[in-house]
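First up is the structure itself, then whatever we jot down about it.
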Amino acid sequence: MSKIIDDILSSLSRSRIFRNRELLLPDYVPEELPHREEQIKRLVEILSPLMRGEKPNNIFIYGLTGTGKTAVTKFVVKKLHEKISNSFIYAYINTRQTDTPYRILADLLENLGSRVPFTGISTAELYRRFIKKVLELKPILVIVLDEIDAFVKKHGDDILYRLTRANYEMGKSKISFIGITNDVKFVDLLDPRVKSSLSEEEIIFPPYNAEELEDILKRRATLAFYNSVVSDDVIKLCAAIAARDHGDARRALDLLRVAGEVAEREGAEKLTIEHVNKARVEIERDRVYEVVSTLPFHSKLVLLAIVIGVNEKKRTLTTGEVYDVYTKLAKKIGVESVTQRRVSDIINELDMLGIITARVVNRGRYGKTKEVNLAVNEETVIKAISEKDSKVASLWDR
DNA sequence: CATCCACAGGAAGGACGGGGGT
DNA sequence: ACCCCCGTCCTTCCTGTGGATG
């Protein structure tokens, strides 16, 4: 009896597809970064003063998502640190995850070995502690701030200004910054002083083209999958889809991994084009479900109003129309509505999340408004709303 | 050519709950 | 025990605006 169980378990746990699935996960930093030799070289050159215990220039790194900015930076900094570990300390902060000034400082301090409460003290106090701590340190500190465009759009460049000013305040230059951004136009939002200070050096990461993506996928696939599980056609398709999406290597690797997972679930021996297509749908569905189900209450209600309104009118809605439907829904379940001003912001938030599209239009005599439309699969939205929120769910019956 | 629509979106601030410091 | 600070969600009040219309 136990043999049967063992057999089933082992047949379930032994993948016929993946040799090592982890190599396809987004935060895996590979040992080789093909087609980024140029950027690696530049980065090492700029950081080379560290070898002499001097502070390198600050660096600004531009490039769209999935162009290897993060991987290259992490890779180079880590390798350098392995070589000359006593001459500098580094901290990597993703400012999309660590998305408040407070938490950035808290993270930095924790990196330097201070324990910091989640919350409770003022940002100014944290800043003081940070300066004090840095002054106590001998080595140079290298701070990597990833995705700072997202952060600055949300909170402004205040901490950036203060952090870059820290060198002056301390009377000696001990901190080097590496700023990474997805948005090239973002620099214009910066205070000129921060801008000039941060971009002493610049490195640009161009998108990968389909050919390069293919090469990257191929190399990764030979390590991640068993031999002859993945055909060139499958690689080509993944590369092509990602290339269309501004050469996003992360997207391409995700696609390949999920396609592998789909194939495994189906008990297939090889990856097919069909698996890739299913993977594409699945990735999108998961993303939408995740985003929608964690939305605040009124955001869900607004979203539902958009779904209902678009169904009814069979066209895009204006902000006013959305608000009308929304207030009716709110009344039906007996909750207070938020103001139209707030709904306007919620619409923008949903747009930013890619759940809806909202375009500002001027219709002359008929005013200025937004044209709102659903941008994702309706069923997924309904499912995400109704499974997590019975109150809102009761509004959906047909 | 001025008007005026239907909002956009900035500024300031408040209620509230979660989490400190002392 | 009491005060302080934070982020989140929201309100109030506001000025700005492109172009169809009279």
Side-chain angles (χ1 to χ4, degrees), chain A residues 93-110 114-133 147-148 150-160 162-163 185 188-191 290-306 309-310 313 315-331 333-353 355-373 385 388-389 391-392:
Chain A
I93 294 178
N94 184 316
T95 58
R96 187 189 289 276
Q97 292 156 232
T98 310
D99 65 345
T100 67
Y102 186 92
R103 267 182 270 166
I104 286 182
L105 285 166
D107 253 40
L108 283 172
L109 273 164
E110 254 165 55
S114 298
R115 269 209 18 89
V116 175
F118 281 106
T119 171
I121 45 181
S122 72
T123 335
E125 168 61 16
L126 273 197
Y127 181 70
R128 273 197 296 280
R129 290 190 193 184
F130 172 70
I131 297 290
K132 186 162 161 258
K133 191 76 189 174
E147 307 198 58
I148 38 176
F151 182 87
V152 169
K153 275 173 200 157
K154 227 172 160 180
H155 300 278
D157 51 11
D158 203 51
I159 356 85
L160 288 187
R162 270 194 290 174
L163 281 176
K185 290 172 298 173
D188 303 333
L189 295 173
L190 288 177
D191 181 307
E290 171 63 25
V291 169
V292 171
S293 57
T294 55
L295 246 30
F297 179 77
H298 286 286
S299 301
K300 284 182 186 169
L301 213 50
V302 169
L303 180 55
L304 187 60
I306 292 168
V310 167
K313 298 261 191 350
R315 59 167 170 77
T316 61
L317 305 174
T318 66
T319 304
E321 287 168 340
V322 173
Y323 191 65
D324 278 350
V325 181
Y326 160 79
T327 44
K328 278 185 194 122
L329 291 181
K331 200 167 187 185
I333 53 175
V335 298
E336 203 128 326
S337 328
V338 299
T339 55
Q340 180 158 337
R341 179 70 188 81
R342 177 67 191 136
V343 168
S344 173
D345 276 345
I346 289 176
I347 288 173
N348 285 340
E349 286 161 23
L350 293 173
D351 180 42
M352 292 254 275
L353 292 168
I355 303 296
I356 65 171
T357 56
R359 203 162 51 89
V360 189
V361 285
N362 268 293
R363 299 176 309 170
R365 190 72 244 248
Y366 304 104
K368 187 188 188 187
T369 182
K370 276 191 284 242
E371 284 179 348
V372 178
N373 208 347
I385 290 179
K388 299 270 174 149
D389 210 312
K391 209 174 194 182
V392 186

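Chain letters run A, B, ... following the sequence lines, proteins first, then strands; residues in each count from 1. Basis for what follows: all heavy atoms, side chains included, without hydrogens, waters or symmetry-related copies.
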message: So, does A/Ser344 get its side chain near the phosphate of B/dG9, meaning an N or O under 4.0 Å from OP1 or OP2?
response: no
Which protein N or O atoms sit under 3.5 Å from an N or O of nucleotides 10-12 of chain B?
| from | atom 1 | to | atom 2 | distance (Å) |
| --- | --- | --- | --- | --- |
| B/dG10 | N7 | A/Arg341 | NH2 | 2.8 |
| B/dG10 | O6 | A/Arg341 | NE | 2.7 |

- prompt: B/dA8 phosphate, OP1 or OP2: any side-chain N/O from A/Lys370 under 4.0 angstrom?
  reply: yes
message: When you measure from the side-chain N and O atoms of A/Thr318 to the phosphate of B/dA6, is any distance below 4.0 Å, counting only OP1 and OP2?
response: no
message: Which residues pass the side chain to side chain donor-acceptor pair (under 3.5 Å) test with A/Asn94, not counting sequence neighbours?
response: A/Gln97, A/Glu147
query: What is the distance from CD of A/Glu371 to P of B/dC7, rounded to the nearest Å?
result: 12 Å
- line: Residue set satisfying side chain to side chain contact (heavy atoms under 4.5 Å, CB included) with A/Asn373, at least two apart, ordered chain then number -> A/Val310, A/Thr316, A/Thr357
field: Nearest to side-chain heavy atoms of A/Val360, which nucleotide of C/dC10, C/dG19, B/dA8
entry: B/dA8
message: So, using side chain to side chain donor-acceptor pair (under 3.5 Å) as the criterion, who are the partners of A/Arg359 when residues are at least two apart?
response: A/Glu371
- prompt: How is A/Asp345 classified with respect to the nucleic acid when contacts are heavy atoms under 4.0 Å: base, sugar-phosphate, or nothing?
  reply: nothing
Gap between atoms OH and C1', on A/Tyr102 and C/dT8 respectively (whole Å): 17 Å
task: Identify, with sequence neighbours excluded, every residue that meets side chain to side chain contact (heavy atoms under 4.5 Å, CB included) alongside A/Ser299.
output: A/Leu295, A/Pro296, A/Ile346, A/Glu349
message: Within the 4.0 Å heavy-atom criterion, would you say A/Ser299 contacts the bases, only the backbone, or no part of the nucleic acid?
response: nothing
- prompt: Atom CD of A/Gln340 and atom C1' of B/dC7: how far apart are they, to the nearest Å?
  reply: 7 Å
A/Arg342 CZ to C/dT8 C1', straight-line distance once rounded to whole Å: 9 Å
- request: Taking only the side-chain nitrogens and oxygens of A/Thr319, find out if one of them lies under 4.0 Å from OP1 or OP2 of B/dA8.
  value: yes
field: Distance test, side-chain N/O of A/His298 to OP1/OP2 of C/dC10, below 4.0 Å
entry: yes
message: Tell me whether the side-chain N/O atoms of A/Asn348 come closer than 4.0 Å to OP1 or OP2 in B/dG9.
response: yes
query: Any side-chain heavy atom of A/Ile333 within less than 4.5 Å of one from A/Leu301?
result: yes
query: A/Lys368 side chain: which of B/dA8, C/dC10, C/dC6 is closest?
result: B/dA8
message: For A/Asp107, is there an ion pair with A/Arg103 - N to carboxylate O distance below 4.0 angstrom?
response: no
- request: Between C/dG7, C/dT12, C/dC10, spot the one nearest the side chain of A/Arg103, thanks.
  value: C/dG7
field: Any A/Tyr366 side-chain nitrogen or oxygen under 4.0 Å from OP1 or OP2 of C/dT21
entry: yes
message: On DNA chain B, does the nearest nucleotide to A/Arg365 precede the nearest nucleotide to A/Thr369 from the 5' side, or the other way round? Give the residue.
response: A/Arg365
message: Nearest whole Å is fine: how far is C/dG18 C1' from A/Arg359 CZ?
response: 14 Å
task: Applying side chain to side chain contact (heavy atoms under 4.5 Å, CB included), name anything that partners A/Thr319, two or more places apart in sequence or on another chain.
output: A/Gln340, A/Ile347, A/Thr369, A/Lys370
